[in-house]
Amino acid sequence: MTPSPARRRRTGTNGAAPTHNLPRRGAVRRAQTITTYGVGSLIAVDHESFIVSGLDEAERSWSRDESPRIHERRLARVLGVDYFRLPPASDDTSKDGLRVRRFPLMHSCPECNDLQRHRDFNPPAGRSVCGTCEVDLVPSRFVVACEAGHIGEFPYWQWVHRSADRDATTAGRCGGKLKMRTTGHTSSLRSILVSCTCGTAPEVSMEGSFRRRALKDLGLTCRGTRPWLGASAVAQECGLPLRTLQRGSSAVWQPVLKSALSIPPWSDGRTDPLAEHWDALREYDEREHVAIYLRGVFKGECPVPLDEVMALLDAEREEDPDGESSPVPDHRYRALRNKEYERLRAGNEESEHSRDEQFVCERPLGDQSVLAPLGVAGPMLVKKLREVRALKAFTRLVNAESTTDSTEVPLSERPLRWLPAMEVRGEGVFLRLDEDRLNAWEKSVAVTARVERMRTAHQRVLEQRADDPSRVVPSPATPRMVLLHTLAHALINEWSLDAGYPAAALRERLYAADEMAGTLIYTATSGSAGSLGGLVAQGEPETLARAVRSAVRRAEWCSSDPLCMESEASGAGGINLAACHACVMLPETSCEHNNILLDRALLVGTPDDPRLGYFEDVVQGQ
Ligand SMILES: [Zn+2]
Ligand SMILES: [Zn+2]
Ligand SMILES: [Zn+2]
Ligand SMILES: [Zn+2]
Ligand SMILES: [Zn+2]
């Protein structure tokens with residue numbers, strides 16, 4: 001990780017980023033640059049604090065070999081880009097890395113207690129110490145943010161002077177100097193005291209600064225600052241309410257991640273050279289025109305035969321949502337999953353596999369009828385898969401899962417043709433639930449009533465978190481979704497306890513909608529292919545039937561019962577029913593849904609109502 005240079009750097013003559021010697025601030029694993037330290041997030045390195053720069057800068061500074069392009073056409077299309085790039089790893093071997101800028105700028109000196117901008121301390125070059133006292137400066141623990149994703153300095157001057165004077169951002173009008181000191185040994189807000197040497201206002205503590213209306217009461221609203229874009233980015237009009245946050249709080253930054261499995265006909269890499277041309281190609285209906293375009297671009301050496309290009313264009317149009325010219329993005333993600341579901345369900349013939357095919361999905365050889373009594377259907381062995389996970393945007397204050405596009409903050413100031421993404425490769429087992437059995441089960445009054453309690457609780461939490469309830473998305477909880485979700489967790493537990501896969505190395509991918517009822521459980525490693533072999537063997541019908549039975553029986557019991565089984569969806573964040581860390585919750589890397597919307601009762605029933613359980617027969621029959 002390197003801080004942005006103040007001046008623009010030279011670019012190498014061949015377009016490659018020049019080597020340079022900006023100070024390295026720390027190491028960040030590649031995957032973290034998507035999930036934890038993406039654009040706009042805050043990062044603490046030793047006693048300093050930075051904000052990760054926008055992609056406008058990355059486009060100039062990320063070198064092609066350290067940050068190569070990757071392709072996943074279906075995902076790119078939904079996200080409105082041509083391709084993706086792996087972020088550079090910021091380890092000792094990398095020449096460049098993530099660019100960061102100092103943020104917040106307000107710092108205090110524990111020795112002289114001055115509270116001012118970093119540069120006003122006159123620190124010696126490359127060091128973050130008070131120029132007078134030579135002790136380490138402390139970055140402000142507090143920042144302010146709004147729901148539109150702006151972030152700024154905490155308005156200390158206004159806080160002390162109880163003033164809404166917007167031009168006095170750091171100090172100033174009164175002629176005084178701000179001071180910050182802490183009393184006692186606690187880190188409570190009450191013990192942090194801010195004052196001004198002008199003497200016109202009494203010393204105040206930080207207590208109350210986190211109240212929802214604290215800054216509004218002072219007459220302060222968001223000024224639209226976007227420090228991750230650098231000084232050249234003009235502040236946007238905003239005026240939304242400001243909230244005070246701790247620098248390290250998860251509300252400061254949440255990634256909006258979107259992912260797709262690579263499936264045929266896009267998954268053998270042959271179409272990658274065409275990535276930047278699809279939008280142009282889609283303008284043509286006539287084969288002749290497509291041919292002319294390709295000749296122009298590839299000078300007669302198009303890597304993909306014309307017939308195939310035409311077939312791919314048809315495949316694309318088929319995935320276009322019908323009738324709507326600008327469909328709700330949410331629908332488009334659902335269409336993405338739908339296609340995956342179809343592919344996972346159908347599999348692909350071995351004859352279709354080229355050496356470079358990244359999706360290999362086959363029906364198991366064993367007799368599937370052993371699964372019928374369980375209500376499980378159509379297992380598939382996914383011998384090879386590739387998932388691309390892209391960072392689309394980020395949010396502040398709002399939960400990324402519950403946002404609509406309007407609260408998402410783009411990663412660059414100008415729209416770019418790419419987004420940062422990770423690719424993982426692995427293998428997996430796909431299974432579905434028997435549709436007739438599922439339809440009958442999910443219509444039961446007891447089941448719908450139970451899941452409705454969970455859905456309302458979840459909806460309430462989503463609305464409470466948002467300042468504007470009209471922008472809240474509906475909770476995805478349905479009987480089918482919660483059942484599939486809990487089953488996926490129970491199976492991951494089973495395979496990790498019985499077959500020795502570390503639970504954190506397995507992941508779920510749910511396909512739950514009116515026309516879908518399946519789950520994929522897969523290994524996902526971002527290194528070279530397949531470090532945990534053999535998961536597909538778990539998908540053979542006999543083995544799978546045994547695992548489902550065992551998983552269900554395991555789910556009957558939790559060391560926190562009867563509390564766990566009797567728990568109600570209530571309390572802060574408690575959006576699960578019978579589920580806790582002692583039973584079906586998983587490491588966060590395994591779960592698509594933040595470990596919420598889980599309920600063991602939908603698998604096994606409750607003591608009072610065994611029929612709630614989809615796998616009631618397994619429980620009764622033991
Ligand atoms: Zn000092
Ligand atoms: Zn003053
Ligand atoms: Zn704002
Ligand atoms: Zn439990
Ligand atoms: Zn989950």
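Each ligand, and each atom within it, is numbered from 1 in the order the structure gives.
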Handout entry: the Zn ion (ligand 3) - name of the N/O/S atom of H150 that sits closest to it
Key = ND1

Handout entry: Aromatic contact, W495 with Y501 (centres under 6.0 Å)
Key = no

Practice task
Could you tell me how the ring of H161 sits relative to the ring of W157: parallel (under 30°), tilted (30 to 60°) or perpendicular (over 60°)?
Solution key: parallel

Practice task
Please confirm whether the backbone N or O of P474 pairs with a side-chain atom of R455, one donor and one acceptor, at under 3.5 Å?
Solution key: no

Practice task
Please check if atom CG in L497 has more than 12 non-hydrogen atoms from other residues, nucleotides or ligands closer than 6.0 Å.
Solution key: yes

Problem - Among the N, O or S atoms of H161, the one nearest the Zn ion (ligand 2) - result: NE2

Fill in the blank from the handout: The angle formed at the Zn ion (ligand 2) by SG of C196 and SG of C174 is about (to 10 degrees) 110°

Exercise for the section: Would you confirm whether the ring centroid of F394 sits within less than 6.0 angstrom of the ring centroid of W228? Expected result: yes

Exercise for the section: Just to the nearest 10 degrees, tell me the angle at the Zn ion (ligand 3) spanned by C238 SG and C222 SG. Expected result: 110°

Handout entry: C564 near the Zn ion (ligand 4): N/O/S under 2.8 Å
Key = yes

Exercise for the section: Rounded to the nearest 10 degrees, what's the angle SG of C580 makes with SG of C583 at the Zn ion (ligand 4)? Could you check? Expected result: 110°

